[in-house]
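First comes the structure, then the notes that go with it.
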Amino acid sequence: MFVSQLKSFFTVARLGSVTQAARQLGLSQPTVTTQIKALEEHYGVELFRRQGGRLSLSDEGVQLLPHVDQLLQQEIQVEFALRNSGDQPRGHLRLGATAPYYVLDIVQRFRQRYPLVDLSLGAGNSRQMVDALLAYQVDLATSSHLETDVRLHRLTLGSDPLVLILHRSHPLAARRALRLSDLAGCELIVRERGSTTRQLTEETLARAGVAVGRSMEIASREAIREAVIRCMGVSVFARHEASAHPELVVLPFEDEVPSLVEYLYCLRDRRGARLIAAFLESCAAG
């Protein structure tokens with residue numbers, strides 16, 4: 001119970017929201033609130049200041065936070081060591097990925113070499129995957145965002161330029177390549193905020209002075225693809241993400257456009273853990 005209370009405190013402190021913390025921990029909001037209050041009452045401290053429905057860390061909470069962070073890291077390391085003990089590596093390795101295109105080849109090599117290891121693959125945007133890694137929800141994560149956090153170890157998996165996907169009946173589909181200016185007035189479908197692809201697209205269009213028509217936000221790469229198939233708009237993808245479909249056309253840009261770089265991250269102090277190190281070796285084997 002004590003560790004659960006500390007996890008609730010740590011997650012609320014990191015996210016600044018009981019609602020978000022409850023969602024991440026898989027608990028109800030009242031449970032998270034009760035655990036934090038029980039911790040405060042038992043030790044006679046105030047960990048959060050509550051003003052107008054907003055939470056901010058008290059001085060005591062600020063002092064406690066790094067100690068709890070260290071304790072939770074140790075708990076993860078102990079649990080991971082127990083799962084992965086023995087001569088033949090076994091256990092459960094948790095991956096988070098923004099897209100499967102680079103990581104699945106590595107997963108295939110890893111599974112062939114370590115058949116006793118269970119592997120799960122979660123999905124999300126770049127920000128969500130790095131947050132999940134820092135919260136110990138995954139052991140490794142891919143992201144298109146270049147992170148400078150010293151706690152993270154990084155490998156580069158690949159790089160691809162931005163391209164446009166559009167329906168084959170679209171007026172621009174007959175072209176062999178496009179100028180950014182050709183997107184003026186087009187209905188653009190974009191990912192949710194936190195997506196590196198969306199950020200690069202918006203920055204590139206802004207630098208080129210291109211104003212698109214109406215934009216629609218869809219928080220799924222697959223759903224965007226389906227929307228383009230239904231002639232609901234066009235979208236910018238990284239080239240490796242633009243899988244073939246008879247109704248779709250993929251066009252490069254004649255202008256200089258940024259490339260989307262895919263990185264693999266793990267926590268620096270966990271990169272020597274048995275399964276994480278084995279997965280990193282599988283990356284190098286490619």
Side-chain angles (χ1 to χ4, degrees), residues 11 14-17 20-21 23-25 93-107 110 119-165 188-207 215-228 234-243 250 253 257-271 276 279-280 282-283 286:
T11 308
R14 190 175 62 83
L15 298 178
S17 164
Q20 293 182 38
R23 186 180 302 117
Q24 181 166 299
L25 292 168
L93 189 68
R94 303 162 301 172
L95 304 179
T98 55
Y101 310 101
Y102 288 116
V103 77
L104 283 182
D105 288 339
I106 305 169
V107 168
F110 181 86
L119 195 147
S120 58
L121 180 62
N125 65 39
S126 292
R127 185 71 268 152
Q128 291 167 339
M129 291 299 91
V130 172
D131 285 347
L133 181 62
L134 293 173
Y136 306 100
Q137 294 177 321
V138 296
D139 301 310
L140 301 108
T142 69
S143 170
S144 299
H145 191 268
L146 178 60
E147 300 288 341
T148 58
D149 193 319
V150 295
R151 294 173 294 175
L152 299 177
H153 174 70
R154 182 181 72 244
L155 291 178
T156 300
L157 297 181
S159 175
D160 276 284
L162 298 180
V163 295
L164 188 75
I165 66 166
L188 186 66
I189 306 173
V190 297
R191 289 283 301 277
E192 74 286 358
R193 296 198 178 278
S195 160
T196 303
T197 304
R198 173 174 176 167
Q199 179 183 343
L200 289 177
T201 300
E202 292 177 340
E203 291 174 351
T204 301
L205 291 174
R207 283 196 299 268
S215 293
M216 178 168 57
E217 178 181 303
I218 300 180
S220 162
R221 186 179 294 103
E222 291 70 25
I224 289 178
R225 187 167 172 268
E226 291 299 319
V228 175
V234 302
S235 189
V236 175
F237 276 38
R239 184 175 58 191
H240 70 275
E241 298 174 350
S243 53
V250 179
F253 289 102
V257 295
S259 290
L260 197 70
V261 182
E262 192 78 357
Y263 302 103
L264 177 71
Y265 292 98
C266 69
L267 292 173
R268 185 172 296 278
D269 60 4
R270 296 187 66 207
R271 69 186 187 276
I276 293 176
F279 194 85
L280 295 176
S282 296
C283 297

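Values below: all heavy atoms of this structure, side chains included; hydrogens, waters and symmetry mates excluded.
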Where is the tightest heavy-atom contact between [X] and [Y], given as atom of each residue plus distance?
| X | Y | answer |
| --- | --- | --- |
| Arg268 | Val150 | NE-O, 3.1 Å |
| Ala141 | Leu133 | CB-CB, 4.2 Å |
| Ser220 | Ala223 | OG-N, 3.1 Å |
| Gln24 | Gln137 | CG-NE2, 2.6 Å |
| Met129 | Ala97 | SD-N, 3.2 Å |

Can you confirm whether [X] sits close enough to [Y] that some side-chain heavy atom of one is under 4.5 Å from a side-chain heavy atom of the other?
| X | Y | answer |
| --- | --- | --- |
| Phe110 | Leu119 | yes |
| Val234 | Leu188 | yes |
| Leu162 | Leu200 | yes |
| Tyr265 | Thr142 | no |
| Leu134 | Leu152 | yes |
| Leu264 | Leu280 | yes |
| Leu157 | Ile106 | yes |
| Thr197 | Leu260 | yes |

Spacing of [X] atom [atom1] and [Y] atom [atom2] [to the nearest 0.5 Å]:
| X | Y | atom1 | atom2 | value |
| --- | --- | --- | --- | --- |
| Ile165 | Arg225 | CD1 | CZ | 7.5 Å |
| Ile189 | Glu226 | CD1 | CD | 11.0 Å |
| Phe237 | Thr201 | CZ | OG1 | 10.0 Å |
| Asp139 | Leu93 | CG | CG | 5.0 Å |
| Gln128 | Thr98 | CD | OG1 | 10.5 Å |
| Leu155 | Tyr102 | CG | OH | 14.0 Å |

Output, in order, the C-alpha distance, side-chain angles, deciding distance and verdict of side-chain contact (heavy atoms from CB on, under 4.5 Å) for Glu147 and His145. CA-CA 6 Å; Glu147 300 288 341; His145 191 268; 3.1 Å; yes
Examine distances only and state if a side-chain atom of Arg198 and a backbone atom of Arg191 form a donor-acceptor pair shorter than 3.5 Å. yes
Please check: side-chain N/O of Arg271 versus main-chain N/O of Ile276, any donor-acceptor pairing under 3.5 Å? no
Do you see a donor-acceptor pair shorter than 3.5 Å between the side chains of Glu262 and Ser144? yes
Walk me through whether Ser259 and Asp160 qualify under side-chain contact (heavy atoms from CB on, under 4.5 Å). CA-CA 5 Å; Ser259 290; Asp160 276 284; 5.9 Å; no
I want to check a possible cation-pi pair here: Arg154 against Tyr263, using under 6.0 Å from ring centre and within 45° of the ring axis as the test. yes
Does the side-chain contact (heavy atoms from CB on, under 4.5 Å) test come out yes or no for Val107 and Leu95, once each step is laid out? CA-CA 9 Å; Val107 168; Leu95 304 179; 3.7 Å; yes
